[in-house]
There are 4 protein chains.
Amino acid sequence: MQQSIALFVDKGYSATSIQDIVDALGVTKGSFYYHYKSKEALLMDIHRQYIEELLARQQSILQDAAPAKEKLSEIVRLLIGDMEKQGPIANVYFRELRHLKEENAKAIRARRAEFREQIESVLIAGIKSGEFRRELNPKMIAFAVLGVTNWSYQWFQPGGELSTGELAELYTDFILHGIMPTQK
Amino acid sequence: MQQSIALFVDKGYSATSIQDIVDALGVTKGSFYYHYKSKEALLMDIHRQYIEELLARQQSILQDAAPAKEKLSEIVRLLIGDMEKQGPIANVYFRELRHLKEENAKAIRARRAEFREQIESVLIAGIKSGEFRRELNPKMIAFAVLGVTNWSYQWFQPGGELSTGELAELYTDFILHGIMPTQK
Amino acid sequence: MQQSIALFVDKGYSATSIQDIVDALGVTKGSFYYHYKSKEALLMDIHRQYIEELLARQQSILQDAAPAKEKLSEIVRLLIGDMEKQGPIANVYFRELRHLKEENAKAIRARRAEFREQIESVLIAGIKSGEFRRELNPKMIAFAVLGVTNWSYQWFQPGGELSTGELAELYTDFILHGIMPTQK
Amino acid sequence: MQQSIALFVDKGYSATSIQDIVDALGVTKGSFYYHYKSKEALLMDIHRQYIEELLARQQSILQDAAPAKEKLSEIVRLLIGDMEKQGPIANVYFRELRHLKEENAKAIRARRAEFREQIESVLIAGIKSGEFRRELNPKMIAFAVLGVTNWSYQWFQPGGELSTGELAELYTDFILHGIMPTQK
DNA sequence: GATGAATGAGCCTTCATTCAT
DNA sequence: GATGAATGAAGGCTCATTCAT
């Protein structure tokens, strides 16, 4: 899975052949098919593992008895910190959904939606508690938060100007400013 | 080009064959190669046309003698409004860069960077003029702005809850709140 | 088609690869798939062509105003004579039906059944006219006639002890003796 | 062997994989190769077992001191009755000979020829004794008898209009009529 | 006796591209 | 401008077989 992720990131799922994968591992094609039923099954495994872990970690954030502000920051940190920990898997995750069979894609899409809805629920809680502005559209803001963070996967280079930690702080700040009421 | 974009959006560049394209048009493969040197040349044309138009429209926004705030809003509107006008082309644009030859990819990446740097320059101008907060990192905010807008291409459905116009307003508001100084 | 029949006869459909076929023709695999949609499509074409010709020739025999005895002999001659004319195609025809998709197999089986039913109808006519014995089961006798003739394809060697013509005479005689009433 | 016969009948030898066989049994491939040296060895075993049993039973028929007429009827009954007893094995027997190595195929073909020659010898004896018509070609009639009976394996459905016993009577009658002299 | 993992060859099919007409 | 036919390479997958455990 690790090797295949690296290759999918580099060349894309369709352009990566099973041969590429097994060559990188020094095994043979037959061996691949002993462990995976198909190329798509491998892709599905990558998707599943990624979203499940993300959801689990999000869950543990939500259980804390912390203000919405705090929870949202944690989720941003979770998503951005992941670039380092989970590495390039997120890249595959965002780009290659379409190569799953509809049946599988649906399952993943559903789990993704759950993740987004949890963000939405934090936003709603924050609006109720007065932490966030009353006039926000929580669904669209949830998408915006995901946009800011996920887009990083397209350009962020570990070892560049900023660490993931610094970037997370920067974006937490930007997002909270965007949604908290103007102070009097 | 139109037909091929539709197919690339649907199945991805690699998974779309020349046969798919010509079948959709009711012509033959030979004919394709009369008009395009290669499959990659077609992809390059799509990329080029898209970014050039975007840059041109951005240019005309920058030439106005308007406050930075205004210019930034216009750029957000430009990007989001495009989902309707240019439709799915942006999708190809964001996903299939990697299938260009390095030489071509470099050219496109350079133009994309220009677009981002122009946003950066608007942000810098705004900071200087006091419209935006002094402590912002303009480069990262430019990326954030692109994240918010470009991410929409992943989930926005024309004819859904919001129009592109409404979404643009919503996001302009979110972004400006995120970067303007807290009012006293 | 000719080459592929020869190979299918020799090694069987499954054991014959497209490579085998195109090698025998001095062309390339790509070329094969330009002309046939799939290996199974080729097999279907062979089946279709064979049974259709057989049915057409049977039809022309049935239209004659001849006694049932005569018609049955003609049909035996048709089937046995074919070994020389159509050669090995019949072999494929009898052995490889199972490799057609159910949908295609059904179509072929239906046409085969028609052929048999025509034999049955000759038998019934002969029974009615008193040419054949009253107590015969026409369906089973039709199968028996097909058994006698089709089985030849398993062992008959052109250029052996007998010509197809002689064999046809021999079998016509055997069959007619088997079904005509005992003379007083 | 039982399971493999069922699969060979259904899909053909080439199209049946070892995996198919061991899956049907709930064991593993390694296990198959503990018991059989190769896929072909299994096929050979099937062939051998079938023809040897047939020959043994034919032998016991031949030893009876009965008229040729009687013996031939017994052999027809043996062959047709087998559809019920031995079931689908005969199907494999007739179709998959070609997948044996030449060396093995030769051995089987030789035993098959013996079976046919025994029928021939019954025919010759019957001709000599005046039971059968003088002008018959015993070899060709032996082939015809095998055709009538073996062809049944292609279409006979247990539980259909006729039992194997009834079919055997019907065909015995047809064949004897075909070869016995016309009564005065 | 049986298993799980691996192998290498081969299979059917698809593909981007070419080119004579 | 367009077509039909061909090509060679590659792609996903299956297979019979092997072997250490």
Side-chain angles (χ1 to χ4, degrees), chain A residues 4 7 11-23 25-43 99, chain B residues 4 11-23 25-43 99 101, chain C residues 4 7 11-23 25-43 99, chain D residues 4 7 11 13-23 25-43 99 101:
Chain A
S4 73
L7 287 163
K11 322 167 50 168
Y13 171 81
S14 287
T16 300
S17 70
I18 304 288
Q19 197 58 250
D20 291 337
I21 296 171
V22 298
D23 281 356
L25 290 166
V27 295
T28 55
K29 264 193 289 192
S31 197
F32 175 92
Y33 280 95
Y34 182 77
H35 296 282
Y36 285 100
K37 216 184 94 43
S38 68
K39 193 185 177 189
E40 196 237 356
L42 165 63
L43 184 60
H99 294 113
Chain B
S4 71
K11 322 166 50 169
Y13 171 81
S14 287
T16 301
S17 69
I18 304 286
Q19 196 59 251
D20 289 338
I21 297 171
V22 298
D23 281 356
L25 290 167
V27 296
T28 54
K29 267 195 283 198
S31 195
F32 175 92
Y33 280 92
Y34 181 79
H35 295 283
Y36 285 101
K37 214 184 96 45
S38 68
K39 192 185 177 189
E40 196 237 359
L42 164 63
L43 183 60
H99 294 113
K101 290 188 295 201
Chain C
S4 71
L7 287 162
K11 321 168 50 168
Y13 171 81
S14 286
T16 301
S17 70
I18 304 288
Q19 197 58 251
D20 291 337
I21 297 171
V22 297
D23 281 357
L25 290 167
V27 296
T28 55
K29 267 193 285 195
S31 197
F32 175 91
Y33 279 94
Y34 182 77
H35 295 283
Y36 286 100
K37 219 183 94 44
S38 67
K39 193 185 176 187
E40 197 237 357
L42 165 62
L43 184 60
H99 295 113
Chain D
S4 72
L7 288 163
K11 322 166 49 168
Y13 171 81
S14 286
T16 301
S17 69
I18 304 287
Q19 196 59 251
D20 290 337
I21 296 170
V22 298
D23 281 357
L25 290 168
V27 296
T28 54
K29 267 195 283 197
S31 196
F32 175 91
Y33 280 92
Y34 181 79
H35 296 281
Y36 286 101
K37 214 185 96 44
S38 69
K39 193 185 176 188
E40 196 237 358
L42 164 63
L43 184 60
H99 294 114
K101 290 189 295 201

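Letters A, B, ... mirror the listed sequences (proteins, then strands); counts begin at 1. Since we're looking at a predicted model, the values are computed, not measured.
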If you look at every strand shown and take non-hydrogen atoms under 4.0 Å, does B:Ser31 touch a base, only sugar-phosphate, or nothing?
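Here B:Ser31 touches the bases of the nucleic acid.
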Counting any heavy atom closer than 4.0 Å, what does D:Ser14 reach on the DNA or RNA strands: base, sugar-phosphate only, or nothing?
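The answer is nothing, as D:Ser14 stays clear of every strand by at least 4.0 Å.
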Quick one: [X] [atom1] to [N] [atom2], roughly how many Å, whole number?
X       : N      : atom1 : atom2 : result
A:Ile18 : E:dT13 : CD1   : C1'   : 15 Å
C:Ile21 : E:dG10 : CD1   : C1'   : 15 Å
A:Asp23 : E:dT7  : CG    : C1'   : 14 Å
C:Tyr36 : E:dC12 : OH    : C1'   : 16 Å
C:Asp20 : E:dT13 : CG    : C1'   : 16 Å
D:Lys29 : E:dT7  : NZ    : C1'   : 11 Å

Name the residue closer to the 5' end of DNA chain F, choosing between D:Tyr33 and B:Phe32 according to the nucleotide with the nearest heavy atom.
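Per heavy-atom nearest nucleotide, the more 5' residue is B:Phe32.
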Nearest-nucleotide 5' precedence on DNA chain F, B:Gly30 against A:Ala15:
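Its nearest nucleotide being more 5', the pick is B:Gly30.
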Does [X] reach the side chain of [Y], with side-chain heavy atoms less than 4.5 Å apart?
X       : Y       : value
A:Val27 : A:Val22 : yes
C:Tyr33 : C:Ile18 : yes
D:Thr28 : D:Ser31 : yes

Between F:dT21 and E:dG1 - P atom distance, rounded Å:
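Approximately 23 Å lies between the P atom of E:dG1 and that of F:dT21.
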Under 4.0 Å from any heavy atom of chain C: name the first and the last nucleotide of DNA chain F that qualifies, 5' to 3'.
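That gives a stretch of F:dG4 to F:dA10.
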For residues 13-23 of chain B, pull every pair meeting side-chain hydrogen bond (donor to acceptor under 3.5 Å, both in side chains), keeping only residues two or more places apart or in separate chains.
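Residue pairs passing side-chain hydrogen bond (donor to acceptor under 3.5 Å, both in side chains), neighbours aside: B:Lys11-B:Asp20, B:Ser14-B:His99, B:Ser17-B:Asp20.
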So what's the dot-bracket for DNA chain E: Watson-Crick or G-U pairs under 3.5 Å, [ ] if a pair crosses, | if it pairs off-strand?
.||||||||||||||||||||
Would you mind telling me which residue lines up with the more 5' stretch of DNA chain E, A:Gly26 or C:Glu40, judged by nearest nucleotide?
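The residue whose closest nucleotide sits nearer the 5' end is A:Gly26.
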